[in-house]
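Have a look at the structure below, then the notes.
In this text the structure is predicted, and so the values were computed from the model without any measurement. We name chains A, B, ... by the order of the sequence lines, and we start the count at 1 in each one.
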Amino acid sequence: MPDAFAFTRLPDPSRQKLTLDFEGVAIEASVGDSVAAAVLAAGHRLTRTTPVGGSGRGPYCMMGVCFDCLMEIDGEQNRQACMVEARDGMKVRRMRGARPLAEARA
Amino acid sequence: MPKPCDALIVGGGLQGLSSALHLARAGLKPLVLEKDYPGRHASGVNAGGVRRLGRDLAEVPLSVAALTLWQTLEDLVDDSGGFVACGQIKIAENEAEFAALCRRAEEVRQLGFEHEEVIRANELRELVPALAPDCVGGLICREDGAANPFRTVTAFRRKAEALGASVLPGVTVGSLSRRDGLWRAETNQGSYEAPLLINTAGAWGGRIAEQLGEPVPLTAKAPMLMITERVAPFLAPVLGCAGRLLSFKQFENGTVMIGGGHMGRAEPETNRTEIDFAGLATSSRTVQALFPRLAGVKVNRVWAGIEGMMPDGIPVIGPSTTEEGAWHAFGFSAHGFQLSPVVGRIIAELVLEGRSSLPLHPFRIGRFREAAAAA
Amino acid sequence: MSRGVPLLIVGAGPAGLAAAAAAAEAGVTVTLLDNQSSPGGQIYRGLAAGGAAREALGVDYLGADYLKGLPLIDAARREGIAHLGGASVWEVSRERRVQATRQGKVEAWQADRLILANGAMERPMPFPGWTLPGVMTAGAGQILLKASGLLPQGRVVLAGSGPLLILLASQYLRAGVTPAALVETTPGGRLGQALSLLPGALRAPAYLTKGMGLLRAVRRIPRYRQARDLRAEGGETVEALSFTAQGGRHRVACDLLLLHQGVVPNLQITRALGLAHDWDDRARCWRPRLGDWGASGIDGIAVAGDGGGIVGAAAAALQGRLAGLQAAHQLSALSADERDRRAAPVKRALAREQAARPFLDRLYAPGEAFLSPADETLVCRCEEVRAGQIRAWVGLGCSGPNQTKAFGRPGMGPCQGRMCGLTVAEIIAKERGVSPAEVGYYRIRPPILPVTLGELASLEDDADHAEAL
């Protein structure tokens, strides 16, 4: 569920749309968005809980400095979502606390 | 003029602080002269391993005595130093390595010690479930573990100070001289005098020994450590490897520390160290081989602390052979942390009784001169 | 294996772009690395990607200054400049080796000359609640607007000090978004302190005129001055900003809280290189000690733009140009005479551009309460260390930022101290009654970004080296 907060997007016909999967729900974004921007644009401010105290965090600086927008992107954990360009079909999830080890290969 | 003291201790790492503590317990007033701040180098930034496992046989009696002190560290310094007896395991990746570990356990038993114990693959997997399945066994010290280096440094410093020792940071010792039974140290902060001199200057200990007329072949090196992001708990014991350089430990906070002796570049003159990525690559490949599931884990930080290494890999501990009233404890070759509680006790015994309860012959400073004379 | 290149530039903002253009004009082949996919840096973020619509966005909302980036971007789109976007640089060595991860792979370059143009970051603004989701920087608000055309739809509060805050407020107004409040934290008396610096600033009148215009534009927003004791309130996300101002306590409900209190150099690379850094007491930050042409003191490495000390976009481009000319000269592509001929007008323009800086630095210097915040404030966001803990450690004999790591891990999380370093230094300095210059900063080492074990394992290792020898 979006948290009752949203952005509007200035009209720009040159922007192409794309769709991400965020926590199992399809969200719409634009080509050129970072993953963090795409998730914010869809109205989600909380994007992880910390491994230290479990408190909620969201993107803060949007330019790769603060490391507070860490998300799981296409299975890769703790990626800086503000530094990853959104691509159609990407699977994005919140990080919840400390990352687990990757699954053992069968 | 600074207040009078009984002993000048050059070097405020753990060996110096432990010496100060044990001398202060005996009622002396030692003065620790530290060029940076206590624990700035090897003592504060080492891997924190409290390990008897795999020690040079000469060190085994000292290491065993030291563990007893770690187990009751609160009695000594009012703090545990963060010591946790999580166990230490050395892993064999093949049968040849396993056979070598079995021989090693037997050697230790011959000396009368039982702490190193062989385990087979099934128990190893139980203790370290995330380990690559082809490892065949290991050598374990179940009561070994790890502690927090800087916390330990702080505890020793505070307790030593509480018992009457003084610790002066930012004091670099230049020249040393002895007259009328008094050592005199000229420093960047004036001169200090005392009847006793203890050299615990770590990687810089060779310079002090040289001033006493007994140079040693000490080199400064910079073992590198990597620390990862926080990972959900997957590992309790500290791991080493029989066939490769590795020290591997997950802390309570989830971060994983990876070391083992890949060297960066040390510049003892400037206190600088530099990271060597080729060594980190080797180290990372070792981790990948043993823990394939860690490949995507991020290394947040790398550091390298300056350590004093001796060519035979064991420290210098004992009296000066050239000067009265002077003792050495330096050159711990990147594994002095565990020994430090007992090293201070040894120094205090040597100073106060002229002898130690532990066998120190292998650590005498004269061994390099003897070897050169024999050659 | 590292690729040998004559000139490598880290950062494709104004300084890096101008340096690239100046060197390429002289015939030097340039490799331009940047962590964004398209050039322009944060100031011209999104400008290179867009067509006519983006220019309209510029004129309509962002203002004409935004479009000043176009010629810079165009000049760097010439033959001889390889722009490699999406490169996360995690090592710059004193021997001028640069390692980065790009498109999931590690790449390395060995440069004859290296120009570091890695720019600025916003000064963190710690106060209770600043870590709540929905609290972001004003720069982040601008990036959302520039790169994605996003305007906040709910209640927005802007808080802090400095030109960027006012600029963003005016941009939002022009786009039809009226912030719920503009909460200014500039302490009283700052204008008086800054006035002695005004005559110098009048040599660069454009800054002041623009500033006055912006201040007029934002009059429609409810405005609070000399606000203090800020607190972001909320449960899962931010719900309100409360503060004391104009004789009373206020609470303004908000969905998005954008903070700003100036920008500071991004020093991760220059620190990791071990360059000497000086404390700038007026700007309250460190900067690397640089010589003529931005020389770093390490052979073949220069620094240009805000990463060498905050100068602003226009001056950054001029510094970049000078560094590019010098690199071209050192690579024997320009004679000393020709370098100096091309540099002369640039140097004159640079002197003019820098005239207003002391006045602005003093006028917008952050308030004491944000430099050394209240005990309960989370200072280290990664490791969740509070200001009060740092003060307590000073009492236990902790004398500088490096030692705090051993006491309680600030600066040891993924951001590697970027967000807490200045605050930790300020707090310790204040507790000890000395200058931050004396307590120093964290030792920064490579990798200057977190790198996976897999990436490290993919590098040449000791055995490869031995074979090569």
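Ranked by heavy-atom pairs shorter than 4.5 Å toward chain C, the options B/Gln288, B/Arg157, B/Arg230, B/Met226 are led by B/Arg230. Contact count against chain B (heavy-atom pairs under 4.5 Å) is highest for C/Pro450 among C/Pro450, C/Gly413, C/Gly454. The candidate from B/Pro169, B/Pro149, B/Ala304, B/Ser283 with the greatest count of non-hydrogen atom pairs under 4.5 Å with chain C is B/Ala304.
For chain C, the nearby part of B/Thr255 is the side chain; its heavy atoms alone come within less than 4.5 Å. Only the side chain of B/Ile258 comes within less than 4.5 Å of a heavy atom in chain C; its backbone stays farther off. Looking at C/Leu396, both its backbone and its side chain come within 4.5 Å of chain B, counting heavy atoms on both sides. Using a 4.5 Å cut-off between heavy atoms, B/Val287 touches chain C through its side chain atoms alone. When heavy atoms are compared at a cutoff of 4.5 Å, B/Ile275 approaches chain C solely by way of its side chain, counted from C-beta outward.
Residue pairs satisfying the salt bridge (charged side-chain N to carboxylate O under 4.0 Å, His left out) criterion with at least one member in residues 241-266 of chain B, sequence neighbours excluded, are listed as follows: B/Glu93-B/Arg244, B/Arg265-B/Glu274. Applying the salt bridge (charged side-chain N to carboxylate O under 4.0 Å, His left out) test to every pair with at least one member in residues 219-229 of chain B, sequence neighbours left out, gives these pairs: A/Arg99-B/Glu229. Among residue pairs with one or both ends in residues 394-411 of chain C, those qualifying as side chain to side chain donor-acceptor pair (under 3.5 Å) are C/Glu383-C/Arg409, C/Ser399-C/Gln403; sequence neighbours excluded.
Within residues 34-47 of chain B, the residues having any heavy atom closer than 4.5 Å to a heavy atom of chain C are B/Tyr37, B/Arg40, listed by residue number.
Side chain of B/Arg285 to main chain of C/Leu459: a donor-acceptor pair is present (N/O by atom type, distance under 3.5 Å, no hydrogens or angles).
When side chains are defined from C-beta on, C/Glu455 does not count as touching B/Val299, because their heavy atoms never get closer than 4.5 Å. Within the 4.5 Å cutoff, side-chain heavy atoms of B/Phe277 are placed close to those of C/Arg97.
Minimum interatomic distance between C/Leu453 and B/Leu294 (heavy atoms only, all atoms of both residues): CD1-O, 3.6 Å. C/Pro414 approaches B/Asn300 most closely through the heavy-atom pair N-ND2, 3.5 Å. Heavy-atom minimum distance, C/Ala457 versus B/Ser284: N-CB, 3.6 Å. Contact record, B/Val302 with C/Pro447: CG2-CD, 3.4 Å, taken as the closest heavy-atom pair.
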